[in-house]
Amino acid sequence: MALNVKNLEGNEIADDYTRNYVPKGRWGDTWSVFKSSFLKLVLINIFTLITFVPGIVVVIFRSGYIGGLGTVYPFNPSLLYPFYPDVEGLAERLTLSADLLFYAALIVAGFFASIGIAGSAYSIRKLLNTHGEFTIKSYFHGIKVCYLSTVMPVTVVMIFMFSTLLTGDWMHVVIATGGNAAAAITAYVFIIIATVLVSIYMAWVFAVGTGYRVKLTALFKNAFVMMIGTPLQTVFMAGFSLMPVWLVMIGLAAPLISYLGYIFFILIGFSYVIICWTGFTQWAFDIYVNPNLKAQKEKEQSQKSEKELAVEKEQAEKQHARELLAAGKSELIARPIMPLAEQSAVPSLGKTFTRKDVKTVNASREKLYADVSAYEKEHENDAVYAEYNKLFAEREKALQTETGKKGKKKKISSDNLLR
């Protein structure tokens, strides 16, 4: 399927690195980077985990708050009634009120989590595009250039998840109180579907926004085009990228798997999610975004041997030096120039003149040439001219090239430097 992706070519966010190309392909290259840069991914994961601390605190406080309410409110009406009023649906209402408070705070915590996600997105993209290059400075640079493109989709996803959780709590309240749950169940199903679709779309918004500098309208449009252009791949890779989340959810029924999921999250969970999604989206960008001339040149350069690159670099440096030499050597400094006095000036011919006037002008011109030559010969050894010419003579000697006939070396001078 041909995708109409616009505004991405030439706008890639690669401020402190240059993309390299390898013949392995995107997937083989991603696996190679994952193996060779495992410790770097762990370090990135730790930085990212720190920014998730506010969200983790909110979840822990929510669990403690609900647990504390359980010790205060009566939740066993069969034993306590009629000494206490009927508490049918009370637990569900308390859960709804607690979720309304704490999950709203979780949206705010997403602002802090976006800091780590932005830094890790740029760093891991750099790892993939340079095959293992990583610096702490680039992580913080990623926060600077990718934060707005990260916090926007993260906030949208958090709002939809917040709505889904509250709709689920409302459904449980309706069921517990014996009301008609058809509307609540229908709303819950639809909000789940909407959250899944919006989350996948926001994942593409995140990928485009952290990879390219584009306007807001182009960001949403290109993200939508990429999502509908790769539907099966997107769904599969979204599920595969969230493998650490599945481990934790499966662990709810098997504590051992849950512990493994938590350990995986602490070590490399966030980095795993981002490297999988970034590797997939970069594969899609490589296919559908036409590489600009710079990327083409970089690809050609990566296919050359080290010896060829060294020779090419040497020739480029020599050519640059030649151009500087040719542009820099000035005849006003290289040789003495006689100051022109008024009495030395060549007389000009009037509107009418005789043969004698022409002879006078020619004689004055020849005399001036002789004076200039004599002055130049007299002052050619002055320090200012001698040092200047010596400097360029050494450069010319160093910049010899095999351009003469029959393989003879041709000396580069100020007259033939650019020929």
Side-chain angles (χ1 to χ4, degrees), residues 48-77 80-81 84-117 147-148 150-203 205-206 242 244-246 248-249 251-253 258 261-262 265 269-270 273:
T48 307
L49 185 61
I50 293 173
T51 63
F52 274 75
V53 169
I56 296 172
V57 170
V58 169
V59 173
I60 293 175
F61 267 83
R62 172 191 174 277
S63 299
Y65 178 76
I66 293 177
L69 292 177
T71 63
V72 176
Y73 286 85
F75 292 105
N76 195 338
L80 299 174
Y81 188 80
Y84 287 96
D86 187 6
V87 292
E88 189 177 55
L90 179 60
E92 288 75 14
R93 290 191 180 93
L94 291 176
T95 301
L96 175 60
S97 63
D99 289 349
L100 184 63
L101 172 65
F102 286 98
Y103 286 142
L106 200 60
I107 296 176
V108 179
F111 297 160
F112 296 95
S114 297
I115 297 174
I117 297 174
Y147 179 74
L148 292 178
T150 302
V151 70
M152 178 176 56
V154 168
T155 303
V156 171
V157 171
M158 293 301 297
I159 290 174
F160 269 83
M161 292 183 67
F162 176 71
S163 302
T164 301
L165 292 170
L166 291 187
T167 303
D169 291 341
W170 169 58
M171 180 189 68
H172 292 140
V173 170
V174 173
I175 294 174
T177 55
N180 185 0
I185 294 174
T186 302
Y188 188 51
V189 171
F190 274 98
I191 193 64
I192 289 176
I193 296 174
T195 300
V196 171
L197 294 178
V198 169
S199 297
I200 293 175
Y201 176 54
M202 286 297 112
V205 171
F206 167 75
L242 294 175
V245 178
W246 308 138
V248 173
M249 294 182 66
L252 297 177
S258 178
Y262 287 130
F265 247 120
F270 298 110
V273 173

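The model shown is predicted, which means the values in this text are computed figures rather than measured ones. Index from 1, following the sequence.
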| request: Could you pull out the closest heavy-atom pair between T48 and I117, with the gap in Å? | output: CG2-N, 4.1 Å

| said: Could you work out, with side chain to side chain contact (heavy atoms under 4.5 Å, CB included) as the rule, every residue matching V59, not counting sequence neighbours? | reply: L106

| Which residue pairs pass the salt bridge (charged side-chain N to carboxylate O under 4.0 Å, His left out) test when at least one of the two sits in residues 154-173, sequence neighbours left out? | none

| remark: Quick note, side chain to side chain donor-acceptor pair (under 3.5 Å) partners involving residues 101-116, not counting sequence neighbours, are R62-Y103

| task | To the nearest 0.5 angstrom, please state how far the OG1 atom of T186 sits from the CD1 atom of I191. | result | 13.0 Å

| request: Decide if atom CZ of F102 counts as having more than 12 heavy atoms of other residues, nucleotides or ligands within a radius under 6.0 Å. | output: yes

| Side chains of T177 and R93 in contact at under 4.5 Å (non-hydrogen atoms) | yes

| query | What's the shortest heavy-atom distance between P244 and G269, and which atoms? | reply | CG-O, 4.0 Å

| task | Could you tell me which residues satisfy side chain to side chain contact (heavy atoms under 4.5 Å, CB included) with A181, sequence neighbours excluded, listed by chain and number? | result | V174, I175, I185

| task | Applying side chain to side chain contact (heavy atoms under 4.5 Å, CB included), name anything that partners A187, two or more places apart in sequence or on another chain. | result | T167, W170

| message | Do V205 and M152 make a side-chain contact, defined as non-hydrogen atoms from C-beta onward lying under 4.5 Å apart? | response | yes

| Distance from I115 atom CD1 to Y147 atom OH, nearest 0.5 Å? | 5.0 Å

| task | Check side chain to side chain contact (heavy atoms under 4.5 Å, CB included) between L197 and all other residues, then give those that pass, not counting sequence neighbours. | result | I193

Identify each donor-acceptor pair in which a side-chain atom of residues 155-166 lies under 3.5 Å from a protein atom, sequence neighbours left out, and give them as a table.
| from | atom 1 | to | atom 2 | distance (Å) |
| --- | --- | --- | --- | --- |
| T155 | OG1 | V151 | O | 2.6 |
| S163 | OG | I159 | O | 3.0 |
| T164 | OG1 | F160 | O | 2.8 |
| T164 | OG1 | T195 | OG1 | 2.6 |

| query | Looking at E92 and H172, what are the two nearest heavy atoms and their distance? | reply | CG-O, 3.6 Å

| field | Qualifying residues under ring-ring contact (aromatic ring centres under 6.0 Å, His included), relative to F270, sequence neighbours excluded | value | F52, F265

